[in-house]
Structure formats: structure tokens, C-alpha cells
Amino acid sequence: MDIFAITKEQIDSNSIGASACEALEAGKIVALPDHSLFDKQADIDFLLGLQNNASALHKNVAYKPAAHKVTGATTKTPQEAEQLLQVMSDFSKRALTLLARVCQPYAGKWKTDYASYRPFEEQGRDLPLKQRNDLMHVDAFPSRPTKGGGILRLFTQINPSKDRVWRVSGPFDALADKYALQAGLKEVKGGSAAMKRAAAKLGRALGINVPDRTAYDQFMLGFHDFLKGSEEFQHAPQARQMSFRPNQVWMCYTDVLAHSVLSGQYALEQTVIVPPEAKVNPDIAPVSVLERIAGFPLTPSRGRSLQTV
Ligand code: SIN
Ligand code: FE
């Protein structure tokens, strides 16, 4: 029920249509046929080998396609840095090509976000509560507000022998119905969101990078923290465990499907931000669900369009 599987034949014959997008938007995980997103085994061996340098790695290694830059890795030599940049950039290109084939209705409409390499064992990682990946949550990026856009991620893992194990809980509307008001949805409407936007504008004028968060972004960041801190939600009996095998490729909206990673090492991921109007069913996008519960618009542009209707 949580998985929507796609076959190689469907990809090759371009017959997926809107079905994968519909499944993703409904909070399902789209499982793709095993597929290497690397040019050669040597690239995979290179990434697996970087773990030897673990103390120098940060939370994750990030690749920023727009800047063609890698952050979060301290490489030993300029050659190693160059190779890491090349391997991450190749991975990112392949992941984006695959995303465009599986999600044809979105092609050309998304904003390409970062790719990442996750080289650490997730089980028993010692991170502060807000950064813990083993607690169920919906994703929200503190530094990159989506302004109502959906966080669509394609994952793969290069671990040769060990599954990556997740817990998931959805759908988003049930989660929002149960917890959004408790998490402060009504309070993001007024002053503070508007004031933060004004501060962001001022900051930009002064050349300081202040994230320009809409009320939606502000709520989703708070919701992320609220869910991680909720004992009740963390022990929700409806959560399901699922395992991803070596070489598996899967996708989901990580702001729609609540998730946590219990164990696993050596995953990669590419993120794109899909504007709500590009979705096949915009009515079930988190921003729409939350606006219905709140009774007011959570992003300025949607506010304008609501007012002119
Ligand atoms: C997350 O987005 O919380 C982590 C997913 C993963 O690394 O498997
Ligand atoms: Fe997450």
C-alpha cells in the first residue's frame, strides 16, 4: 500500500504517464527497477572508500548543481576533491534524467535542489534532536524555503550488502488533521511570518543571506521539530517499517510522507522542488491541505490568487 512499483519496460516504453506523480503526491514511495546511477564501478568504490576519511566528513556530503560545488567533505588532495566533484555531478545528472522520465508531467517545472551522499551508518548516530534522522518527521529545509513547493527526492544506495531501513507514516492529510493545530498552524498567520519576510528583504538589501520564509515554510519547519519531539507520534502504531536493498532506487515526497531512517549506510539522493501548481493533484499538496485546515493562505502568491477568485 505504501509502494508504487515501476518496471523497466514502463520506463523504456515511456508509458508511465502521470501515474508515478499521482502516487508520489498521495504519499507513496515509487520503487524503480534496480538501476546504477554511476558511470562505472570505480566511482562507487571511490565513494565507499571516502568513508576512511570519515572524521573529516560532516553530516552529509552535498553537491550543489547550480554552483557545481561539493560541500561537507574534507578531501585529502586536490585530485580527490576533483574526483568527488565529478562523481557527484555525474550522479546528479543521471538522477535528474531518471526523475524526468518517471515524472514527465513535472519535467521543466521543478527547481533543481542539492544532491547528497550519506556515508555514515545511521543506526546510533549521535545528533541533536532536530537533526536526528531516526525520529519520524516531514522534511523542511531551514536555509532553502520552498514557498509551498514539494520536496521530491530520488534515493539510491551503493551499499553492497546491507539494506537501508525506514519507518514511514502517512498520509499527510491525516497527519495534518491530527497535529497541525497543536503544532501552531494558526499562529503562523500574522505578525511573525510577515515580520520575518520584511527582515529577509532588508537582509537581502544589505547583502546578508536571510532565508525568505513564507508562513508555509515557517509552519513546516516547526512541524518537522514538533513531530520529532512528539512521543505520541514517534510511537504511532500505524507507522510501517520498510527496507531498501542494495542498488535499489526509490523516490518520495519527503514533506508528504513522514519518515525516519533506522539503519543503513552509503545512500545518495537528489532533491527537486516541485511548485504546487505543477502537481497533478494540487489539492492534496501539503500547502493546500494546511490552508484548508488554517482557513487562510500560507504563501503570498497563493494569497493573491485566492483573493482574485
Ligand atoms: C531523511 O530524509 O530523513 C533521511 C533519509 C535517508 O537518509 O535515508
Ligand atoms: Fe527527512
Side-chain angles (χ1 to χ4, degrees), residues 2-3 24 27-32 37 47-48 50-51 54 57-63 72-73 88 91-92 95 99 113-146 149-159 162-172 175 183 217 219-230 233-234 236 239-274 286:
D2 295 308
I3 299 263
L24 290 163
K28 289 189 196 293
I29 291 177
V30 165
L32 302 177
L37 290 159
L47 288 176
L48 292 172
L50 274 182
Q51 199 259 339
L57 292 166
H58 307 184
K59 187 180 172 196
N60 296 317
V61 174
Y63 170 66
M88 289 303 293
F91 161 75
S92 171
L99 262 158
D113 196 70
Y114 302 167
S116 67
Y117 174 41
R118 296 149 185 254
F120 296 112
E121 172 55 56
E122 297 290 344
Q123 189 165 21
R125 269 181 94 168
D126 185 19
L127 291 168
L129 181 110
K130 286 187 190 180
Q131 290 188 38
R132 276 179 59 182
N133 286 340
D134 60 327
L135 295 171
M136 279 197 299
H137 61 281
V138 287
D139 283 352
F141 301 145
S143 62
R144 303 185 315 285
T146 71
I151 300 175
L152 177 58
R153 302 186 120 169
L154 181 144
F155 292 87
T156 189
Q157 61 163 345
I158 55 172
N159 194 319
K162 208 176 148 227
D163 286 358
R164 194 169 190 85
V165 181
W166 278 18
R167 277 180 89 213
V168 297
S169 181
F172 185 85
L175 198 66
D217 296 300
F219 173 77
M220 289 299 277
L221 271 181
F223 202 33
H224 165 275
D225 298 351
F226 172 92
L227 293 174
K228 281 189 176 175
S230 163
F233 177 61
Q234 292 306 321
R240 281 94 46 197
Q241 190 162 312
M242 51 180 54
S243 297
F244 303 103
R245 60 183 181 275
N247 285 320
Q248 190 160 355
V249 181
W250 69 101
M251 294 166 60
C252 68
Y253 272 109
T254 54
D255 52 356
V256 173
L257 181 67
H259 59 281
S260 63
V261 50
L262 301 183
S263 64
Q265 189 173 12
Y266 311 120
L268 287 107
E269 156 285 325
Q270 169 71 54
T271 302
V272 297
I273 306 298
V274 181

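All residue numbers in this chain count up from 1 along the given sequence. Heavy-atom basis, side chains included; hydrogens, waters and symmetry copies ignored. Remember, it's 1-based here, ligands and their atoms both numbered in the order they're listed.
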Straight-line distance of [X] [atom1] to [Y] [atom2], nearest 0.5 Å:
{"X": "Leu268", "Y": "Leu154", "atom1": "CG", "atom2": "CG", "answer": "10.0 Å"}
{"X": "Thr254", "Y": "His259", "atom1": "OG1", "atom2": "NE2", "answer": "5.0 Å"}
{"X": "Arg118", "Y": "Phe155", "atom1": "CZ", "atom2": "CZ", "answer": "5.5 Å"}
{"X": "Ile273", "Y": "Leu152", "atom1": "CD1", "atom2": "CG", "answer": "8.5 Å"}

Original post:
For atom 2 (O) of ligand 1, what is the nearest protein heavy atom, given as residue, atom name and distance?
Top reply: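 Going atom by atom, the protein heavy atom closest to atom 2 (O) of ligand 1 ends up being His259 NE2, 3.2 Å.
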
Original post:
Which residue holds the protein heavy atom closest to atom 4 (C) of ligand 1, what is that atom called, and what is the gap in Å?
Top reply: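 Going atom by atom, the protein heavy atom closest to atom 4 (C) of ligand 1 ends up being Arg118 NH1, 3.4 Å.
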
**OP:** Pull out every atom of ligand 1 sitting under 4.0 Å from any heavy atom of Asn133, numbered as shown with elements.
**Re:**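 Close to Asn133: 3 (O).
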
Original post:
With a cut-off of 4.0 Å, which atoms of ligand 1 are near a heavy atom of Asp139?
Top reply: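 Per the distance check, 2 (O).
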
Original post:
Among side-chain atoms of His224 and Asp255, is any donor-acceptor pair under 3.5 angstrom?
Top reply: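 Absent: no donor and acceptor within the cut-off.
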
Original post:
Can a donor-acceptor pair be found between the side chains of Asn60 and Ser116 at a distance below 3.5 Å?
Top reply: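 Side chains of Asn60 and Ser116: no pair found under 3.5 Å.
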
Original post:
Is any N or O atom of His137, backbone or side chain, closer than 3.5 Å to an N or O atom of ligand 1?
Top reply: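 Yes; at least one N/O pair falls below 3.5 Å.
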
Please find the N/O/S atom of [X] nearest to the Fe ion (ligand 2) and write down its name.
{"X": "His259", "answer": "NE2"}
{"X": "Asp139", "answer": "OD1"}
{"X": "His137", "answer": "NE2"}

Original post:
Between Trp250 and Phe244, how do the two ring planes meet: parallel, tilted or perpendicular, split at 30° and 60°?
Top reply: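 Parallel, since the angle between the ring planes stays under 30°.
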
**OP:** Select the closest option to atom 6 (C) of ligand 1 among Arg164, Met136, Arg153, judged by heavy-atom distance.
**Re:**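 When every heavy atom of Arg164, Met136, Arg153 is considered, Arg164 comes closest to atom 6 (C) of ligand 1.
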
Subject >> Proximity of Glu269 to ligand 1 by residue part, where a heavy atom lies under 4.0 Å >> reply: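 Glu269 to ligand 1: no contact under 4.0 Å from either part.
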
